[in-house]
Trainee: 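Quick one: the structure is below, and I'll ask about it shortly.
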Amino acid sequence: MSSRSSSAIRTLALLGHAGSGKTSLLERLLLASGAKGEAGTVEKGDTLSDFEPLEKQYGHSLDTALARIEHDDHEIQVIDTPGDPDFRGPALAAMSAVETAAIVVNASNGVESSTRRLMRRARQRRLCRMIIVNRIDAEDLDLEAVIRDLREEFGPQCLPVNLPADGGAAVRDCFFHDSGDTDIFSLAAAHDEIRDQVIEADEGLMARYLDGETIGRDELHDAFELALREGHLVPICFTSARTGAGIEELLDFIVRLLPSPLEGNPPRFRVGSEEKKVPAKPDPDAHAIAHVFKIINDPYAGKLSVFRVFQGRIRAGDALLLGDARKPVKVAHLYRIHGSEHIEIDEAIPGDLCAVSRIDEIEYDTILHDDHAEDHYYLKPVDFPQPMYGLAIEPKTRGQEQKLASALARLAEEDPCIQVEHHQELNETVVRGLGEMHLRILLERMDKRFGVEVETRPPRIAYRETITRPAEGHYRHKKQTGGAGQFGEVFLRIRPLGRGEGFRFQSEVVGGAIPTALIPAVEKGVRQVMDEGAIAGYPMQDIEVTVHDGKYHSVDSKEVAFVIAGRKAFREAIAAAGPQVLEPVVTLDVSVPDSVLGDLTGLLASKRARIQGTEAQRGGQTVVHAAVPLSSISDFPTELKSMSGGEGRFVVELSHYEAVPPNVQQTLVEGFEARDDDSAH
């Protein structure tokens, strides 16, 4: 039996806006714990977590990285995450593997757009949250204003557990100590405020406190963790990754007060077909349940599947089942990942983050388990942003098509926000991501890791078609060719559904007018039109189709006849239902220097954008929030870079579909008809 215990494990993700100092903070934690003899720097390219060549080249994190720290007989597992919004997919995936989300805030910049997004996501996933205010050694700081802004943005439950002192050169604990002064408040005042907040989470302590009893500091520990789990407390810690101020205090805080796997909010797994929800038990003697949150295709170690153990033990040599699969796979080797190192271990217990290698069947989000019961476990998937920024690509060198397909498959396997589409009718491969930087890095990885260079061009826009009013359609298909004939007749009704409701097919045929066995053939014909489009060649959506009558022939009625009849009856109905082309509209958050704000709003107006608001940022920057048709922003990255001197950044995310202007629809329909005519000849 292993002597290790889950109670001595702490697991957290460092999350935050780009430039908040997460990677530098991890370096200081490694140094303070003795895991490194010297702290690396992003500038020198010698940090533990930014080990990929492209990360060194660009000077910031492009993927998550794992590190293990030992402090005071505890193991601290840290996931360092990228802060650039284009790489938020891996950061969001990391949240499924930890008890605590540690949101790092740059003291000079305060609350930034990613700070809000990440705090919201962490709350939705029921994670314990804390805030680390970093870079407290910067000049001209108003740290009292930082705390005020944090509380205004995220609520009064955000309270400091320590405070900067001596001009940011030191940090004083105010949770266990209540005497002395700091740069901002007296320790006594801060101590009383956080004590009162913690006691509110425990009815027993609250009753004793109201009766005038003195509550000992040691009694606050359990109430503190209860307040964390319930979101009643979001502690704030202060640090400087550059000077090391607050680092020892942060390590002490992590091991003394952050939850272990036994104390955090366990994820709620769905079990079996009934979708009942049960929490995993962090019991090493229960059957094993683990969740894969990261895939690495290592050029030397092969495919690595990184997972979090939630229940039971996993040992090297074990046979595990993958999700619903009935055939087990063998764990030949088990690894702990520390930066770029893969350290072989014998066993993993609840709370451990580890990896298995060279099991191709494992994918992101796979549940690993050793339970042979019929009920299987599923974890609620992460709600990733929809990748909307696309490029059509093809290899520069003929004959590398298969190599390109293999490279794309591996890179998409690693990043849940990379989407690869193959359009057979256009002979076009489109790769989509979260932004221009996201796809630029993807293309560089293809070149450097897989030796594939590509040509790029703007892709075809993912328009959709729908209808605007109810209508009816009818078609009789009759074909006689000397032998057995074909006969099928279909009457159907269609009506529009709400935006985003998709497609619904139902039958109200009575009396055997169309045999039940042939109704699926009608649906097949309808779905063919849904996939191909009816007026401009784009997939259709938000339509309900009801087949209500028809005729069949006992000899000549075959499946193919009702496929054709369903298809043509549906097309007739669409023509009478006010068909409409829809275009994807995205939300665009653009950050630019104040000096070019007017130029930006003018540019957006020329792209049919609707400005939805602006947000002043520290450092002379403004964020503009807009809704804009996706078709209008193919040149936006180049235009923004030119306008802002390379200082502008943007985040794009799918918002909704809406009708295109009539002139745009006419152009799309005419283009489709011209292509149809060409193919007919």
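Note: hydrogens, waters and symmetry copies are ignored here, and every other heavy atom, side chains too, is used.
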Trainee: Distance alone, cut at 3.5 Å: any donor-acceptor contact between the side chains of Ser591 and Gln621?
Mentor: yes

Trainee: Begin from the C-alpha positions of His438 and Asp84 and carry the test side chain to side chain donor-acceptor pair (under 3.5 Å) through to its verdict.
Mentor: CA-CA 9 Å; His438 195 196; Asp84 189 297; over 6 Å; no

Trainee: Side chains of His338 and Leu30, heavy atoms from C-beta outward: is any pair under 4.5 Å?
Mentor: yes

Trainee: Is it the case that the side chains of Ser20 and Asn106 hold a donor-acceptor pair, with the cut-off being a distance below 3.5 Å and no angle test?
Mentor: no

Trainee: Counting only heavy atoms not in Lys56, do more than 12 sit closer than 6.0 Å to its NZ atom?
Mentor: yes

Trainee: Would you say Glu38 has more than 12 foreign heavy atoms packed within less than 6.0 Å of its CD?
Mentor: no

Trainee: How about Thr64 and Lys294: does a side-chain donor come under 3.5 Å of a side-chain acceptor?
Mentor: yes

Trainee: Do the side chains of Gln419 and Val431 get nearer than 4.5 Å, heavy atoms only?
Mentor: no

Trainee: Please list, chain by chain and in numerical order, all residues satisfying ring-ring contact (aromatic ring centres under 6.0 Å, His included) with His287, sequence neighbours excluded.
Mentor: Tyr377

Trainee: Just checking, any donor-acceptor pair under 3.5 angstrom between side chains of Thr23 and Asp80?
Mentor: yes

Trainee: Can you sort out the partners of Ala97 under side chain to side chain contact (heavy atoms under 4.5 Å, CB included), two or more places apart, ordered by chain and number?
Mentor: Ile79, Phe293, Arg308, Leu353

Trainee: If you count the non-hydrogen atoms of other residues, nucleotides and ligands that lie under 6.0 Å from CD in Gln402, is the total more than 12?
Mentor: no

Trainee: Less than 4.5 Å apart, any side-chain heavy atom of Asp383 and any of Arg121?
Mentor: yes

Trainee: Can you name the side chain to side chain contact (heavy atoms under 4.5 Å, CB included) partners of Ser655, sequence neighbours left out?
Mentor: Thr587

